[in-house]
Amino acid sequence: MKKVVLPARNFSLGHTLASGQVFRWQTLDDGYLGLLGRSVVHVRQAGERLECETRDSAVTPERLRHYFALDHDLPAILRTVDVDPQIHEALQSFAGLRVIRQEPWECLASFICSSFNNIKRLQGMIERLCRRFGRVTPTGDAGARWWTFPEPTAIARASERTLRELGLGFRAPYLKAAARLVADGRLDAARLRRQPYEQAKQRLQTVPGVGDKVADCIALFALQQYEAFPIDVWTERILKRYVHRQPTRARLHRFARRHFGAYAGYAQQYLYHQVRQPGVSLDNLLQLC
DNA sequence: GACCAGGCAGAAC
DNA sequence: GTTCTGCATGGT
């Protein structure tokens, strides 16, 4: 077992992994067990350090730093979105939350499955997909096993019926079609990443099962396009406290990007995490308009 | 046993 | 261009 340690200032592993941007990390002892690409890693935070145990020599400090976006100048980013009392409170409460760099295919597949779903059930769906189509990997703990996220080719080959049996429901044909596009190279993350946000989003929305919201999630969590501002039912409720005049989806989007600026997606992640805390209702939020 | 969920696609207006 | 409507199903 190898141990990798790296500095992690202005970072909260807990807030980052619990904020609804990734779905597979599981708490283990005083840390989290999950995947970095195909490598099983056990990460824990010790003050301003991130410690990682793994059997895989491919895991380096650079890869961890990149995945957890520890290269972001977080204080500088958050200063640009700290523009009203509501977001200010969220920034204070969840200091160290970072928007991490997910593997694009996993992000795409996960958020296609997130449609009209709740996170608990979504996690179950993803886990069943991994156990059916992923590759089993030892974790290092005696007897414990972990499954990699399925390759797009594996999902592309699967029958819609099998996907439905895993509980995907109406999402099954969407996921299969999206997997085909990725497997065939017709949807290429590297190319999307080089495109301007609006253009990449437009292309993503041609993928079956990917609409306005899911496209924004992929742009933000996998393509590093930080002006993307995903609006789900929760975020919409929050934004309606800012915008009182006919808050259509398009108007909320325009407002969010104008109000929070180039790193609007960071603001969104803090607000989303804030409103989903147990015991927090919209009535607890500040009245802004 | 209602009600809801990190929505989308297609049809109707 | 905007506004319905159906979709599958587990968690609370």
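In the text below, chain A, chain B and the rest are named by the order of the sequence lines, each starting its count at 1. Scope of the values below: all heavy atoms of this structure, side chains included, with no hydrogens, waters or symmetry mates.
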Short side-chain N/O contact from [X] to OP1 or OP2 of [N], under 4.0 Å:
{"X": "A:Arg171", "N": "B:dG6", "value": "no"}
{"X": "A:Lys120", "N": "B:dA5", "value": "no"}
{"X": "A:Arg276", "N": "B:dG6", "value": "yes"}

What contact category does [X] fall into here, base, sugar-phosphate, or nothing, at under 4.0 angstrom with non-hydrogen atoms?
{"X": "A:Val207", "value": "sugar-phosphate"}
{"X": "A:Gly209", "value": "sugar-phosphate"}
{"X": "A:Ser110", "value": "nothing"}
{"X": "A:Arg249", "value": "nothing"}
{"X": "A:Glu236", "value": "nothing"}
{"X": "A:Gln269", "value": "base"}

**Report entry** Side chain A:Ser114 and base B:dG7 donor-acceptor under 3.5 Å
**Finding:** no

Query - A:Ala58 backbone acceptor or donor facing A:Arg63 side chain under 3.5 Å - result: yes

Query raised in the report: Can you check whether A:Glu51's main-chain N or O pairs, donor with acceptor, with A:Arg44's side chain at less than 3.5 Å?
Result: no

Requested in this report: Can you measure from NE2 (A:His66) to CZ (A:Arg101) and round to the nearest 0.5 angstrom?
Outcome: 4.0 Å

Query raised in the report: B:dG6 base stacked by A:Tyr272? Criteria: ring centres under 5.5 Å, plane angle under 30°.
Result: yes

Query raised in the report: Do A:Arg249 and A:Glu236 sit within salt-bridge range, that is, some charged N less than 4.0 Å from a carboxylate O?
Result: yes

Query raised in the report: Of all of residues 221-230 of chain A, which get a heavy atom below 4.0 angstrom from DNA chain B, listed by number?
Result: A:Phe221, A:Pro230

Requested in this report: Compute the centroid of each ring, for A:His72 and then for A:Tyr263, and state whether the two points are separated by less than 6.0 Å.
Outcome: no

Query raised in the report: Run the side-chain hydrogen bond (donor to acceptor under 3.5 Å, both in side chains) check on A:Tyr242 and A:Asp84 step by step: do they pass?
Result: CA-CA 10 Å; A:Tyr242 289 82; A:Asp84 69 61; 3.1 Å; yes

